[in-house]
Amino acid sequence: MSFKTFSFHPQIQAGINAVGYENPTAIQEQTIPAIMEGSDILGLAQTGTGKTAAFVLPMLERLMSGQRGKLRALIISPTRELAEQTNKAIRELARKTGLRSMSIYGGISQQLQVRGLRGGTEIVVACPGRLMDLMDQKIVSLQNIEVLVLDEADQMFDMGFLPTIKKIVRQIPENRQTLLFSATMPEEIRSLANEFLKNPITVDIEASKPLKTISHAIYPIEQLQKTKMLLALLDKKDDGQVLIFTRTKHRAKKLADQLDKAGNSVTSLQGDLSQIQRDRAMDRFRSGHARIMVATDIAARGIDVSKISKVINYDMPNTADAYTHRIGRTGRMEHTGMALSLVTSEDLPMIRTIERLLGKSLERKELVGFEQYSNELDHASPSPIKKSNNGNRYRKYPANRQQKSFSPAR
Ligand code: AMP
């Protein structure tokens with residue numbers, strides 16, 4: 001299938017050609033026609049599937065007709081990084097359309113954002129806190145919004161944004177189109193969808209299953225041996241980029257220092273950084289000047305670096321969904337990736353949960369010189385979890401991203 005099938009406005013097609021997309025991804029194929037028909041969408045899709053363009057392109061198509069100079073489309077994102085990334089994607093795809101897009105988030109002065117809003121932008125990508133703040137100051141009005149996108153809704157819930165989001169959405173006209181995307185569907189997101197979406201079409205791109213281009217392996221290890229093992233795993237000949245997750249900001253910082261001292265080009269992203277420091281860290285990683293990024297879960301939301309070849313869980317995440325989110329940063333699009341986890345005996349219950357979610361065992365690996373603490377891990381018995389839907393109109397598409405086999409990690 002080609003993008004031509006959608007018959008986008010020539011100025012939008014020109015943007016697609018300019019970024020070099022040839023064929024739509026699965027989520028784009030399934031959601032674009034439904035959005036163009038005006039349906040609300042409940043999209044179960046993780047980052048890396050092409051979901052941004054899936055909502056941006058039909059949104060631009062809608063904005064091509066109608067008034068300019070008014071705020072008509074709003075995308076709410078959990079983090080500044082994701083907001084920036086989405087805004088960048090919109091600007092690239094809309095470059096020939098004359099439509100304007102800007103981002104709004106806290107941590108920086110509001111002056112430029114106020115100026116942009118007064119200049120008459122048609123599209124805003126916003127984080128909830130600053131947006132609410134500007135609404136309270138009557139600097140931004142949502143009365144002309146036609147399209148609302150709630151992106152990475154599960155993450156916004158995890159970060160405690162749901163009450164703010166509800167307040168914001170209640171100020172948007174009801175005859176809008178609402179698109180909600182989430183990698184997972186906890187009960188709170190279902191009820192948010194029930195409250196704000198009208199007769200939505202559910203598109204499920206095997207959301208909870210990590211992309212099939214990723215191989216998983218776990219390395220049983222004692223807590224105190226982790227750094228030593230990590231250094232052994234960081235094969236310096238491998239030129240792909242590596243994203244390492246830790247449980248806390250403090251551990252991220254400490255580990256980045258240790259890796260740096262061991263001669264690695266490394267940067268870190270954690271909540272204590274100022275906006276300028278965060279941007280600098282992202283730029284160093286994105287440009288490849290730093291091969292390794294050490295991050296916490298929240299700081300890493302929305303990181304889109306296509307060359308990430310390995311995600312290493314230095315600390316295991318607290319939920320299986322967080323595992324999916326983390327490893328969704330590698331193996332994006334056509335690239336293959338590896339997810340390696342350093343696992344202590346305390347992580348065993350989480351490993352079993354993840355294996356149930358995947359419906360497979362994770363391959364156990366050993367490194368020469370490191371002693372495995374237990375073979376208890378070999379007895380985890382995965383049984384697939386069944387997922388239910390909420391009775392909305394429901395389309396289930398082929399499991400083209402389903403994990404079928406695990407190839408051994410190098
Ligand atoms: P997303 O899931 O929206 O974060 O997209 C992941 C990556 O895929 C981004 O780098 C996009 O630029 C890229 N992408 C999105 N759609 C396509 C497409 N149809 N063809 C090629 N690359 C795409």
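As a basis for the values below, the full set of heavy atoms in this structure was taken, side chains included, without hydrogen atoms, waters or symmetry mates. Counting starts at 1 for both ligands and their atoms, following the listed order. Please read these numbers as outputs of a predicted model, since none were measured by experiment.
- Close approach to Asn23 involves these atoms of ligand 1, each under 4.0 Å from a residue heavy atom: 18 (C), 19 (N), 20 (N).
- Taking every non-hydrogen atom of Phe3 and a distance limit under 4.0 Å, the qualifying atoms of ligand 1 come out as 19 (N).
- Residue-ligand proximity, Thr52 to ligand 1, at heavy-atom distances under 4.0 Å covers atoms 1 (P), 3 (O), 4 (O).
- When atom types are taken as modelled, the side chain of Glu37 and the backbone of Ala34 share no donor-acceptor pair closer than 3.5 angstrom.
- Each of Glu84, Arg80, Gln113, Arg130 was evaluated against Tyr105; a single residue qualifies, Glu84, per the side chain to side chain donor-acceptor pair (under 3.5 Å) test.
- By the 3.5 Å distance cut-off applied to N or O atoms, Gln28 is counted among the residues near ligand 1.
- For residues 42-62, the set of pairs meeting the salt bridge (charged side-chain N to carboxylate O under 4.0 Å, His left out) definition, not counting sequence neighbours, comprises Lys51-Asp151, Lys51-Glu152, Arg62-Glu146.
- Proximity of Ile27 to ligand 1 is not established, as no heavy-atom distance is less than 4.0 Å.
- Looking at residues two or more places apart in sequence or on another chain, you find a ring pair (Phe, Tyr, Trp, His ring centres under 6.0 Å) between Phe181 and Phe55.
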Exercise for the section: Just do the side chain to side chain contact (heavy atoms under 4.5 Å, CB included) check on Met59 and Ile90 with the steps written out, would you? Expected result: CA-CA 10 Å; Met59 180 185 84; Ile90 296 173; 4.2 Å; yes

